[in-house]
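Note on naming: letters A, B, ... go to the chains in the order of the sequence lines (proteins, then strands), and numbering restarts at 1 for each one. None of the values given here were measured: they were computed from a predicted structure.
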Amino acid sequence: LDIYTLWEEEKYEDGIKWKFLEHKGPYFPPEYQTLPDDVKFYYNGKPVKLSLPAEEVALFFAQMMDHEYTTKEVFRNNFFRDWRKEMTLEERQLIMDLNKCDFGELHAMHKQKVEARKNLSKEEKLVNKEANQKIVDEYGCCVLDHHRERIGNFKIEPPGLFRGRGDHPKQGMLKKRIQPEDVIINCSKDSRIPEPPAGHRWKEVRHDNTVTWLASWTENVQGSCKYVMLNANSKLKGEKDWEKYEVARKLKTCVDAIRAQYQEDLKSKQMGTRQRAVALYFIDKLALRAGNEKEEGETADTVGCCSLRVEHITLHDTLDGQKCVVEFDFLGKDCIRYYNKVPVIKRVFKNLKLFMENKQEGDDLFDRLNTQMLNKHLSSLMPGLTAKVFRTYNASITLQQQLKELRNSECLVKLLSYNRANRAVAILCNHQRAPPKTFEQSMANLQAKIDSRKEQLDLAKKELKQAKKEAKGSSDNKLLMSKKAVQRCEEQLLKMEVQATDREENKQIALSTSKLNYLDPRISVAWCKNMEVQLDKIYNKTLRDKFAWAIDMTEHDFVF
DNA sequence: CAGCTGACTTAGTACTATATCT
DNA sequence: AGATATAGTACTAAGTCAGCTG
């Protein structure tokens, strides 16, 4: 790994991201191999030997058959439509009904392969691992300016069936195989230009040093660009990350003024201004995302702040003894449900009532506002300020405050309070996860262990009592041993109880997203220094690499 | 000047490796 | 030593936001 101090290096002029960039190009997935003769696809009960392209797509479906979504109407229709496009004319004339398709043998073969891979011997697994490492060494690195850097995603995404999140209208569509002819390479003129795979050529080789990507292609399902980019531990990404937190810290210095301003704007004569003020209030108070408009029918129906519709909120003059309560219920990014009942200030409440007047389901709550207008306003208040900066700012400041409030002495308890602070942020940002499949079981296991340890502790205590009675002096060997046993039991019990609390509180909350994207790492590094906690207790290797810049520059007295 | 596109960050989940337990 | 639980990684979808374009 290169040793460098990025804040001491020269800065390029505006927009220039590098002077030299060399890499090997992306790594392509292996070509499709036809099925063995004894694995057959059946249509209407009769075996049919499919053409190679049709067979490949059939296998994509067969591989997913354990998933519930292959039973969904939308998924099946999209799949069947796209599959038929890959068929020969003859196949297309024969295969007219997905329900008459029998992928059973293909499915069984796939499961067998998965099983076989799992059962490989240690040696075979090692061979695979080494082969993988070789690919990483060859394709996973590049040279950017003076540094050898890891690439984040150097592998071309393999073909398969698209599965969006939630109720996605395009689920089941064929995500096509990417050829070198689809790929644009970006590198510097004076570097060794990557070789396309034999018999192929690149779509284009360009030398654009105002962008950070090494290769790109257009994905066929949504028509969007995909990029090969650097790993998070790279200098380029680190610098950007640092900048992000510096902008958020700058917001700290003017957030009071901005809050005063939008409180004032709540009274504006301009409807647009008032809507902007309410939206900003939500973004600031609830850490909502900006909420860009989305093309209807192209993606799942999700919203953010500016794209909220009237059916996403319910107004309660009083609720559970609180006044002016707004009940939010909508699907946000990744179709994660946002549900929250929040008391708001009167002026916001009155404005919301006004915005909802004469509107019906499906109408925008903020019909005079969009994210461009909002961000334009924000950038006039502070350079670099956009809606998402509030999320970063509020997340980081919350962590700092919580850590202050939850100070504790025991190391284990220290970590628990760190996690609690982290959790407060995750809740603010609505970072959820599916409860782990094994959650109930593993919780029960842990409880059983706690119970048995408690019994052990009781026993150990009794033995200690006995030993005290029998002891001839305080240095009696048996007495000392008994004391130690009790102590050990107590420590282990505490450890397990802390673990149980932590795990229970974490059941449906994902801590990693905020740790990775929202919490200024310098807060955590400083906390570790002050609390004398090893950094690796809260940051794994990947995180320590990503936040190398913060680890290097942060003193114990850092304040966000 | 709205709509589109490109570039980049943020996100949850499935898979894999490692640690811990029996 | 093998089984199981947990942590970490890979993957790629889904956002944000600015600048371009017709």
Side-chain angles (χ1 to χ4, degrees), chain A residues 15 17 29 64 66-67 114 117-118 120 122 125-126 128-129 132 136 140 152-158 160 162-166 168 170-171 175 184 186 208 210-213 216 218-219 221-232 236-237 240-241 243-244 289-295 298-300 302-307 331-336 370-376 378-379 384-389 391-392 395 426 429-434 436-439 441-443 445-446 449 499 503 506 508-518 536 539-543:
Chain A
K17 307 290 169 55
M64 300 173 105
D66 283 333
H67 286 108
V114 170
R117 188 147 24 101
K118 219 168 63 187
L120 288 180
K122 237 183 199 167
K125 278 184 181 167
L126 192 69
N128 282 345
K129 199 178 165 183
N132 267 329
V136 173
N153 58 324
F154 59 91
K155 288 182 177 169
I156 294 282
E157 295 175 16
F162 177 81
R163 168 65 202 163
R165 311 267 163 81
H168 198 115
K170 297 197 169 185
Q171 65 189 95
K175 188 167 113 171
I184 302 171
N186 193 33
D208 181 355
T210 68
V211 295
T212 64
W213 53 268
S216 75
T218 303
E219 161 272 344
V221 175
Q222 324 229 49
S224 59
C225 299
K226 297 270 184 170
Y227 300 94
V228 171
M229 285 187 189
L230 294 181
N231 191 288
L236 209 57
K237 293 274 189 189
K240 201 75 193 299
D241 213 31
E243 255 172 52
K244 173 180 79 181
R289 294 188 186 83
N292 286 302
E293 294 112 298
K294 304 169 60 178
E295 219 177 319
E298 295 293 298
T299 60
T302 63
V303 297
C305 186
C306 292
S307 51
L331 297 182
K333 182 177 178 179
D334 295 311
C335 286
I336 297 296
N370 59 38
T371 54
Q372 296 91 284
M373 294 157 79
L374 181 69
N375 281 335
K376 210 158 222 175
L378 289 175
S379 69
L385 186 61
T386 61
K388 85 186 185 85
V389 177
R391 253 166 100 80
T392 312
C429 295
N430 200 38
H431 292 143
Q432 300 186 27
R433 62 167 184 174
K437 286 192 182 76
T438 54
F439 185 84
Q441 186 56 53
S442 79
M443 226 35 212
N445 290 350
L446 186 57
K449 279 196 327 199
Q499 200 183 9
R503 210 189 288 176
N506 251 1
Q508 302 189 73
I509 297 167
L511 299 188
S512 55
T513 307
S514 48
K515 222 183 216 182
L516 204 60
N517 299 304
Y518 289 102
D536 61 5
Y539 283 164
N540 64 32
K541 179 78 167 65
T542 311
L543 253 17

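Asn430(A) is linked by a side chain to side chain donor-acceptor pair (under 3.5 Å) to Gln432(A), counting only residues two or more places apart in sequence or in another chain. Here Thr392(A) pairs with nothing under the side chain to side chain donor-acceptor pair (under 3.5 Å) rule; sequence neighbours left out. Contacts of Lys226(A) classified as side chain to side chain donor-acceptor pair (under 3.5 Å), with partners at least two apart in sequence or in another chain: Glu157(A). Partners of Arg165(A) under the salt bridge (Lys or Arg N to Asp or Glu O under 4.0 Å) rule, at least two apart in sequence or in another chain, are Asp334(A). For the side chain to side chain donor-acceptor pair (under 3.5 Å) test, residues two or more places apart in sequence or in another chain that qualify with Ser224(A) are Glu219(A). Lys515(A) is linked by a salt bridge (Lys or Arg N to Asp or Glu O under 4.0 Å) to nothing, counting only residues two or more places apart in sequence or in another chain. Residues passing the salt bridge (Lys or Arg N to Asp or Glu O under 4.0 Å) test with Lys244(A), sequence neighbours excluded: Asp241(A). Looking at residues two or more places apart in sequence or on another chain, you find a ring pair (Phe, Tyr, Trp, His ring centres under 6.0 Å) between Tyr518(A) and His431(A).
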Give me the distances for all protein-to-nucleotides 3-7 of chain C N/O pairs that come in under 3.5 Å?
{"residue": "dA5(C)", "atom": "OP1", "partner": "Asn445(A)", "partner atom": "ND2", "Å": "3.0"}
{"residue": "dT6(C)", "atom": "OP1", "partner": "Arg503(A)", "partner atom": "NH1", "Å": "2.8"}
{"residue": "dT6(C)", "atom": "OP1", "partner": "Arg503(A)", "partner atom": "NH2", "Å": "2.4"}
{"residue": "dT6(C)", "atom": "OP2", "partner": "Ser442(A)", "partner atom": "OG", "Å": "3.3"}

Pull out every protein N or O sitting under 3.5 Å from an N or O of nucleotides 5-7 of chain B, one pair per line with the distance.
{"residue": "dA7(B)", "atom": "OP1", "partner": "Trp213(A)", "partner atom": "NE1", "Å": "3.4"}
{"residue": "dA7(B)", "atom": "OP2", "partner": "Trp213(A)", "partner atom": "NE1", "Å": "3.4"}
{"residue": "dA7(B)", "atom": "OP2", "partner": "Tyr227(A)", "partner atom": "OH", "Å": "2.8"}
{"residue": "dA7(B)", "atom": "O5'", "partner": "Tyr227(A)", "partner atom": "OH", "Å": "3.4"}

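Classified by interplanar angle (parallel below 30°, tilted 30° to 60°, perpendicular above 60°), the ring pair Trp213(A)/Tyr227(A) is tilted.
The side chain of His168(A) contributes no N or O atom lying less than 4.0 Å from OP1 or OP2 of dA13(C). Contact annotation: Arg165(A) side-chain N/O to dA14(B) OP1/OP2 distance is not under 4.0 Å. The shortest distance between the side-chain N/O atoms of Tyr518(A) and the OP1/OP2 oxygens of dA11(B) is below 4.0 Å. For the pair Lys237(A) and dT9(B), the criterion of a side-chain N or O lying under 4.0 Å from OP1 or OP2 is met. Contact between the side-chain N/O atoms of Lys226(A) and the OP1/OP2 oxygens of dA13(C) is found at a separation under 4.0 Å.
The CG-C1' distance, from Leu516(A) to dT9(B), rounds to 10 Å in whole Å. We find that CE of Met373(A) is positioned 12 Å from P of dC1(B), with the value rounded to whole Å. For Lys155(A) and dT9(C), the NZ to P distance is 15 Å, given to the nearest whole Å. The interatomic distance linking Leu126(A) (CG) with dT16(B) (C1') rounds to 15 Å, in whole Å. If you measure from atom NZ of Lys175(A) to atom P of dT12(C), you get 5 Å, rounded to the nearest angstrom. Atom CG in Asn128(A) sits roughly 11 Å away from atom P in dT16(B) (whole-Å rounding). Protein atom CG of Leu230(A) is 14 Å distant from nucleotide atom C1' of dT9(B), rounded to whole Å. Atom CD of Glu219(A) and atom P of dA13(C) are 6 Å apart (whole Å).
At the heavy-atom level, Gln222(A) lies under 4.0 Å from the strands shown only through sugar-phosphate atoms. Across all strands shown, Arg433(A) has heavy atoms under 4.0 Å from sugar-phosphate atoms exclusively, and none from any base. Nucleic acid contact class of Ile336(A) (heavy atoms, under 4.0 Å, all strands): sugar-phosphate only.
Taking CG of Asn292(A) as the start and CD of Gln372(A) as the end, the distance is 6.5 Å to the nearest 0.5 Å. To the nearest 0.5 Å, atom CD1 of residue Ile336(A) and atom SG of residue Cys429(A) are 13.5 Å apart.
The residue among Phe162(A) and Tyr539(A) whose nearest nucleotide of DNA chain C is located toward the 5' end is Tyr539(A). Annotation: of the two residues near DNA chain B, Asn430(A) and Lys240(A), the 5′-most nearest-nucleotide partner is Lys240(A). Comparing Asn370(A) and Asn517(A) along DNA chain B, the residue whose closest nucleotide (by nearest heavy atom) sits nearer the 5' end is Asn370(A).
Checking Lys294(A) against Ser307(A) by side-chain atom types alone, no donor-acceptor pair falls below 3.5 Å.
The number of heavy-atom neighbours closer than 6.0 Å to NZ of Lys125(A), taken from other residues, nucleotides and ligands shown, is above 12.
The shortest non-hydrogen separation linking Thr386(A) to Leu378(A) is C-CD1, 3.6 Å. The shortest heavy-atom contact between Gly291(A) and Cys306(A) is O-CB, 3.5 Å.
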Exercise. Once each nucleotide of nucleotides 15-22 of chain C is scored for protein heavy atoms under 4.0 Å, what B/S/- sequence comes out, 5' to 3'?
Worked result: SBBS----
Seminar exercise, completed: Heavy-atom contacts, protein to nucleotides 17-22 of chain B, under 4.0 Å, summarised as B (base), S (sugar-phosphate only) or - (none) per nt, yield -S--S-
